[in-house]
Each structure stands twice: as C-alpha cells, then as structure tokens.
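Written below as structure tokens is the structure these notes are about.
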Amino acid sequence: MRNKERLAVLGAGHVGPVIARLAIAAGYPVAIATSGDPDDIALITELVIPGAQPRWASDAVADADIVVLAIPLHRLTDVDPALLAGKIVVDAMNYWPASDGVLTAFEDDSGSANSRGSSEIVARRLAGSAVVKALNHIGYHELEDRARPAGAPDRRAVGVAGDDPVAVAAIAGLVDRVGYDPVRLENLRAGRVLEPGGPVFGSVLTLPEFEQAMREDARSLT
Ligand SMILES: NC(=O)c1ccc[n+]([C@@H]2O[C@H](COP(=O)([O-])OP(=O)(O)OC[C@H]3O[C@@H](n4cnc5c(N)ncnc54)[C@H](OP(=O)(O)O)[C@@H]3O)[C@@H](O)[C@H]2O)c1
C-alpha cells in the first residue's frame, strides 16, 4: 500500500540516507537533497538509496508533506523558513557543539531546569511549520539495524515530540511504519528527553524501557 505523505529528506550524510531507506521500505515516496546540485548525488542515491529521488532542496520541499531535517544544526540558518511553511517538519537534528561549534541561540538558559530544548528553538525559527522532534536519538547504524515490524518481540521505541497533534500523529505513524514503537511525548518541550544528555539519547530501548527512563527524568514532566 502506498502511503499518502511524501517525504523530503534534507541531508544525505549519515542519517538522512538511513531515514530515506527506511521510509521507502515503508512505502513512502521520498526525495532527498543536499544544499547543492542533485546531479552530484544522483549516482550515490541510485546505489545506496534505491527508489529515492535526488532533487534540489527547494523542489523536494515544495512537493513534500513531511520534511525531515537531517542536516547539521549549524546549517539550519541556510534553510529558508518560508520554504518550510505549512509543512510538517521532523527535526532529527541534535545540538552537538563538538561538531556544530557553540551556537549562541542554542546555549540560552542552558543548565537551568527550564532551559529550552533545541527543537523548541528550531520551531521558533520555523514558526510557519509544525515541528516534531523524532528520529534524532538513535545512531544511524542502529536506526537501520534495529528497525522491526510491529509486534516483533525485540522492537524498539522512538520518541515523538511536538505541539501540533495532527503532525505528531503523522510522525508517530511514520515511526511505526519504519519499524519502531512511537512514544508520543506531551509536547515539543518534553522532547528534551530525546536530546544529547537526556535519558534515552544514544540508547536503543524497548517501549517499557523507554517509558521507565522517561518517568525517571524530570524533563519529560514540564
Ligand atoms: N549520525 C547519526 O548517527 C545521527 C543520528 C540521528 C540524528 N543525527 C543528527 O542528524 C543531523 C545530521 O547528522 P549526520 O551525521 O547525518 O550529518 P552529516 O553526515 O554531516 O551530513 C549532513 C548532510 O546535510 C547536508 N546539508 C547541509 N546543509 C544542508 C542544507 N541547507 N540543505 C540540505 N542539505 C544540507 C550535507 O550536504 P551538503 O553539505 O553537500 O549540503 C550532508 O549531506 C545532525 O544534527 C545530527 O545530530 C545524526
């Protein structure tokens, strides 16, 4: 069965192609883009993401229902928010000063109990989009290797955090179809548990393990 939503994956580095492959296997039409000419990734896309369409980012986004941001966070300023307006945007990015450098906007309030999550800051920049944090907290190798169909005994969980219930439902559906039990968090703010330093970041947990880890972390409660 062909799913309705069309995906544009921005980023063809480590995690973008994995998300694209998983989505194609789940029946989503997928376009993939870098910041450059799609001809530059045409051959590699054919080889490693068969079925994905390499496109200019603007064209991929224009035709997409769901846009997956799989780019380094410091490159977000290159993306025109107007291009993403009206789209469901999956923020698969992490704030990683070691590779992104220190980004002032993402350092605000850091360390305090009320510090904002990186996706809240992304959402403020992309005010016309419905931003959902997901697919950011599992390494790209494992994200592909651990995907399992619904009901598999060793299926793992992926957190989904957003403020727009329709967008969250769409991304929970995507997560489920690509091979993970979606865990819907209260809101985008609660998605802080999914970030580096959070209780589920870098772990590939079953649903009960995931829920337990969240219960033990105050960030999911505020
Ligand atoms: N690596 C992982 O295991 C993993 C897992 C989950 C989440 N993440 C997060 O996902 C993000 C990407 O990580 P990565 O390891 O995949 O990075 P990466 O290997 O460095 O790849 C980044 C990709 O983004 C593209 N890009 C940069 N600016 C762009 C723009 N404005 N529009 C479209 N494409 C653009 C780059 O191509 P050009 O420079 O040619 O444009 C490149 O293909 C990071 O925020 C990371 O924290 C990573």
Side-chain angles (χ1 to χ4, degrees), residues 7-23 30-45 47-49 52-64 66-84 87 89-103 105-107 117-123 125-126 129 131-147 156-161 171 174-175 178-180 191-198 200-205:
L7 260 68
V9 177
L10 299 192
H14 292 103
V15 77
V18 167
I19 294 171
R21 276 197 294 274
L22 291 173
V30 174
I32 189 156
T34 65
S35 60
D37 190 327
D39 284 348
D40 294 345
I41 58 165
L43 182 60
I44 191 78
T45 299
L47 291 174
V48 304
I49 326 170
Q53 206 185 356
R55 300 190 74 184
W56 289 100
S58 54
D59 294 338
V61 169
D63 287 343
I66 297 171
V67 179
V68 180
L69 293 178
I71 67 177
L73 194 53
H74 72 271
R75 302 283 302 270
L76 182 63
T77 46
D78 301 343
V79 178
D80 180 2
L83 191 65
L84 301 177
K87 308 290 180 183
V89 172
V90 177
D91 178 10
M93 302 178 294
N94 295 296
Y95 177 39
W96 202 260
S99 63
D100 287 307
V102 172
L103 305 177
F106 292 88
E107 290 284 319
S118 65
S119 291
E120 293 175 86
I121 296 163
V122 169
R125 177 173 164 79
L126 306 179
S129 309
V131 174
V132 179
K133 188 175 197 69
L135 298 169
N136 70 297
H137 62 83
I138 298 179
Y140 72 103
H141 272 306
E142 288 176 303
L143 190 62
E144 187 145 48
D145 293 349
R146 299 294 189 100
R156 307 296 165 131
V158 159
V160 180
I171 302 312
L174 171 69
V175 164
V178 302
Y180 290 86
R192 290 178 298 170
V193 293
L194 309 175
E195 296 186 346
V200 301
F201 186 82
S203 310
V204 197
L205 304 173

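In each ligand, atom 1 is the first atom listed, and ligand 1 is the first ligand listed.
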Atom indices of ligand 1 within 4.0 angstrom of Ile138 heavy atoms, with elements: 5 (C), 6 (C)
Before signing off on this row, confirm whether Tyr140 and ligand 1 have an N or O atom pair separated by under 3.5 Å. yes
Protein heavy atom at shortest distance from atom 22 (C) of ligand 1: Pro72 CD, 3.5 Å
Do Ser118 and Met93 pass the side-chain contact (heavy atoms from CB on, under 4.5 Å) test, and can you show the C-alpha distance, the side-chain angles, and the key distance before you say yes or no? CA-CA 8 Å; Ser118 65; Met93 302 178 294; over 6 Å; no
When rounded to the nearest 0.5 Å, the distance separating CG of Asp91 from CD1 of Ile171 is 11.5 Å
Where the side chain of Arg21 meets the backbone of Val48, is there a donor-acceptor pair that is under 3.5 Å apart? yes
What protein heavy atom is closest to atom 26 (N) of ligand 1, reported as residue, atom name and distance in Å? Ile71 CG2, 3.6 Å
Option with minimal heavy-atom separation from atom 37 (O) of ligand 1, where the choices are Asp100, Asp40, Val15, Thr34: Thr34
Based purely on interatomic distance, does Gly36 place a nitrogen or oxygen under 3.5 Å from a nitrogen or oxygen of ligand 1? no
Numbering as shown, the atoms of ligand 1 that approach Asp78 to under 4.0 Å (heavy-atom distance): 31 (N)
Considering only residues two or more places apart or on different chains, which pairs with a residue in residues 93-103 satisfy side chain to side chain donor-acceptor pair (under 3.5 Å)? His74-Asp100, Asn94-Asn136, Tyr95-Glu107
By side-chain contact (heavy atoms from CB on, under 4.5 Å) - contacts of Asp145 (at least two apart): none
Side chain Ser129, main chain Val89, donor-acceptor under 3.5 Å: no
For Asn94, take its heavy atoms, then give the atoms of ligand 1 lying under 4.0 Å from any of them. 7 (C), 8 (N), 9 (C), 45 (O), 47 (O)
Nearest non-hydrogen protein atom, atom 39 (O) of ligand 1: Arg75 NH1, 3.0 Å
Taking atom 12 (C) of ligand 1 as the reference point, the nearest protein heavy atom with its distance: Ala70 O, 3.4 Å
Is any heavy atom of the protein nearer than 4.0 Å to atom 5 (C) of ligand 1? yes
Can you pull out the closest protein heavy atom to atom 25 (C) of ligand 1? Residue, atom name and distance to 0.1 Å, please. Gly11 CA, 3.8 Å
May I ask you to identify, for Val79, whether its side chain, its backbone, both or neither come under 4.0 Å of ligand 1 on a heavy-atom basis? side chain
Cut-off 3.5 Å, side chains only: do Ser35 and Asp78 have a donor facing an acceptor? no
Could you tell me if the side chain of Ile66 sits less than 4.5 Å from the side chain of Val132, heavy atoms only? no
Which of the ligand 1 atoms, numbered from 1, are nearer than 4.0 Å to a heavy atom of Ala12: 23 (C), 42 (C), 43 (O)
Any side-chain heavy atom of Arg55 sitting closer than 4.5 Å to one from Asp63? yes
Main chain of Leu194, side chain of Lys133: is a donor-acceptor contact present, judged purely on distance under 3.5 Å? no
Pick one: which of Leu126, Val9, Val90 meets side-chain contact (heavy atoms from CB on, under 4.5 Å) with Leu69? Leu126
Can you list the atoms of ligand 1 that are under 4.0 Å from a heavy atom of Ala92? 7 (C), 8 (N), 9 (C), 10 (O)
Measure Ser35 to ligand 1 on non-hydrogen atoms and call it side chain, backbone, both or neither using the 4.0 Å cut-off. both
Within the 4.5 Å heavy-atom criterion, are Val18 and Leu22 side-chain neighbours or not? yes
Ligand 1 atoms in contact with Ala33 (distance to a heavy atom under 4.0 Å): 33 (C), 34 (N)
When rounded to the nearest 0.5 angstrom, what is the spacing between CD in Gln53 and CG in Asp59? 9.5 Å
Ligand 1 versus Leu135, non-hydrogen atoms closer than 4.0 Å: side chain, backbone, both, neither? backbone
What residue and heavy atom of the protein are closest to atom 15 (O) of ligand 1, and at what distance? His14 ND1, 3.2 Å
So if I count the atoms of ligand 1 from 1 in the order they appear, which ones are less than 4.0 Å from some heavy atom of Gly139? 3 (O)
Going by the closest heavy atom to atom 42 (C) of ligand 1, which one wins out of Ala8, Gly13, Ser99? Gly13
